[in-house]
2 protein chains.
Amino acid sequence: METTEMDQIRSRLEDHGYRLTPQRMRIVEAVLAEEDKHLSADDIYTILRENHPEIGIATVYRTLEILRELGIVNQLTFEEGVSRYEYSAREHHHHLVCLKCGKVIEFSNDELERLEQKLARKYDFQIVGHHLKLYGYCSLCQ
Amino acid sequence: METTEMDQIRSRLEDHGYRLTPQRMRIVEAVLAEEDKHLSADDIYTILRENHPEIGIATVYRTLEILRELGIVNQLTFEEGVSRYEYSAREHHHHLVCLKCGKVIEFSNDELERLEQKLARKYDFQIVGHHLKLYGYCSLCQ
DNA sequence: TTCCTTATTGATAACGATTCTCAATTTCAT
DNA sequence: ATGAAATTGAGAATCGTTATCAATAAGGAA
């Protein structure tokens, strides 16, 4: 038998004394389904309301907090006053953010992986994710 | 005569139709004085209240928004629900953030400067700042 | 100067994201 | 089954930030 992503997540939760309840499973599914998006707690709540209107917004926040602490999701902030979340196992990527119009361009970079290894050793950190933001002015706002 | 940092900031403001009012000057002074800190709007408001209790919190927010848009300060968010600001002309640095205890370790890195140049050309971005955050678990929280 | 237009301000209300409270329910280990 | 602990939903509370608005200050033209 194979180990699914959900199985792995269940183990990770249970190893830390948490239970994978039906509500938490629905929330994880939403995050996995929208892997390429940056979802806010409210985005997830809205998605779930369609088929699972019984799940409350507080549960969404509580679950995301657990997933974040366990490194299952990355919490991203874009200076807009809302936290956004992405499944952390997806390909790493970074952002160019325009200070004027707020436009965000994503990009990937391999050099950062190496840098990460170096810093992990230097500071005795177990690194599970990273996020580079470059600030500036896009071609239209210069 | 020499050009002070405040002169440069005044020019930058006036070039964009903003005035360097006494209130704004006090706020800029506070940011310059605490160059090595990450100050929240409320931190600045508290500092100013000692000698300038007439300055309102709304003015602090409005001024920081202008300074941010002009790239004079960097706006940083550490997933704590508060925006923090630092004088952008200070030496660039980055952060290792512990997902468990929230501990933040600063570090500098030269390779990122080169990467920045490359991306600026590729996406026609005028880059004025950057911020790399690495997430993980510190030595005590692993 | 004086006038006029515009920018800026402080106080406070409003907003919105997130967290807290708490009683009810579910889960797990025994 | 049973008891302890974890989890839940609803709504209240909190808190950072933004919007409103009348009053004030600043800069340019005459």
Side-chain angles (χ1 to χ4, degrees), chain A residues 9-30 38-70 72-73 75-85 102, chain B residues 9-30 38-70 72-85 99 102:
Chain A
I9 291 171
R10 177 189 294 278
S11 302
R12 212 163 153 64
L13 284 171
E14 292 178 351
D15 286 351
H16 291 263
Y18 299 116
R19 298 167 184 167
L20 182 53
T21 64
Q23 290 91 334
R24 287 179 182 167
M25 211 178 296
R26 299 294 91 69
I27 292 165
V28 168
E29 283 168 359
H38 302 139
L39 298 178
S40 67
D42 198 64
D43 290 340
I44 294 170
Y45 178 63
T46 301
I47 291 171
L48 292 180
R49 202 162 40 190
E50 202 171 320
N51 296 311
H52 305 281
E54 73 282 3
I55 299 179
I57 185 88
T59 297
V60 175
Y61 274 103
R62 284 185 290 233
T63 300
L64 288 171
E65 165 57 18
I66 293 170
L67 298 176
R68 182 203 65 75
E69 187 200 321
L70 299 183
I72 295 167
V73 301
Q75 181 181 13
L76 306 177
T77 49
F78 288 101
E79 288 80 27
E80 53 176 346
V82 194
S83 284
R84 299 188 168 275
Y85 300 85
Chain B
I9 291 170
R10 177 188 295 277
S11 301
R12 207 157 159 65
L13 284 172
E14 293 179 349
D15 286 351
H16 290 263
Y18 298 117
R19 297 168 185 165
L20 182 54
T21 63
Q23 291 92 332
R24 288 179 180 167
M25 211 177 296
R26 299 293 90 72
I27 292 166
V28 168
E29 283 167 0
H38 303 139
L39 298 177
S40 66
D42 197 65
D43 289 340
I44 294 171
Y45 178 63
T46 301
I47 291 171
L48 291 179
R49 201 163 41 191
E50 202 171 320
N51 295 312
H52 305 281
E54 74 282 4
I55 298 179
I57 185 85
T59 298
V60 175
Y61 275 103
R62 283 185 291 235
T63 300
L64 288 171
E65 165 57 17
I66 293 170
L67 297 176
R68 182 202 65 76
E69 187 199 322
L70 298 183
I72 295 167
V73 299
N74 294 330
Q75 182 181 13
L76 305 177
T77 49
F78 288 100
E79 289 78 28
E80 53 174 349
V82 194
S83 283
R84 299 190 166 276
Y85 301 84
L99 292 168

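We name chains A, B, ... by the order of the sequence lines, and we start the count at 1 in each one.
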Quickly work out the [X] [atom1] to [N] [atom2] distance and round it to whole Å.
X	N	atom1	atom2	value
B/L20	C/dA7	CG	C1'	13 Å
A/L13	D/dA6	CG	P	14 Å
B/M25	D/dA25	CE	C1'	14 Å
B/I55	C/dA11	CD1	P	11 Å
B/E80	D/dC15	CD	P	14 Å
A/R49	D/dA10	CZ	C1'	14 Å
B/I66	D/dT18	CD1	P	12 Å
A/H52	D/dG9	NE2	P	12 Å

Query raised in the report: Is a side-chain donor or acceptor of B/R12 paired with a backbone partner of B/L70 at a separation under 3.5 angstrom?
Result: yes
Query raised in the report: So does A/E80 have more than 12 non-hydrogen atoms from other groups sitting under 6.0 Å from CD?
Result: yes
Report task. For nucleotides 24-30 of chain C, just jot down a letter per nucleotide in 5' to 3' order: B, S or -, based on protein non-hydrogen atoms under 4.0 Å. Result -> ---BS--
Report summary line: Under a 4.0 Å heavy-atom criterion, the protein footprint on nucleotides 14-19 of chain C, written with B, S and -, is ---SBB
To the nearest 0.5 Å, tell me how far [X] [atom1] sits from [Y] [atom2].
X	Y	atom1	atom2	answer
B/L48	B/E54	CG	CD	9.0 Å
B/Y85	B/T77	OH	OG1	9.5 Å
B/E14	B/I9	CD	CD1	12.0 Å
B/S83	B/Y61	OG	OH	8.0 Å

**Report entry** Pair A/T59-A/Q23, side chain to side chain donor-acceptor pair (under 3.5 Å): steps then yes or no
**Finding:** CA-CA 8 Å; A/T59 297; A/Q23 290 91 334; over 6 Å; no
Query raised in the report: With a 3.5 Å cut-off and no angle check, do the side chains of A/T46 and A/D43 form a donor-acceptor pair?
Result: no
Query raised in the report: How is B/R62 classified with respect to the nucleic acid when contacts are heavy atoms under 4.0 Å: base, sugar-phosphate, or nothing?
Result: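 Here B/R62 touches the bases of the nucleic acid.
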Query raised in the report: Is any side-chain N of the basic residue among B/E65 and B/R62 closer than 4.0 Å to the acidic one's carboxylate O?
Result: no
Report task. Look at the side-chain N and O atoms of B/Q23 and state whether any lies under 4.0 Å from the OP1 or OP2 oxygen of D/dA25. Result -> no
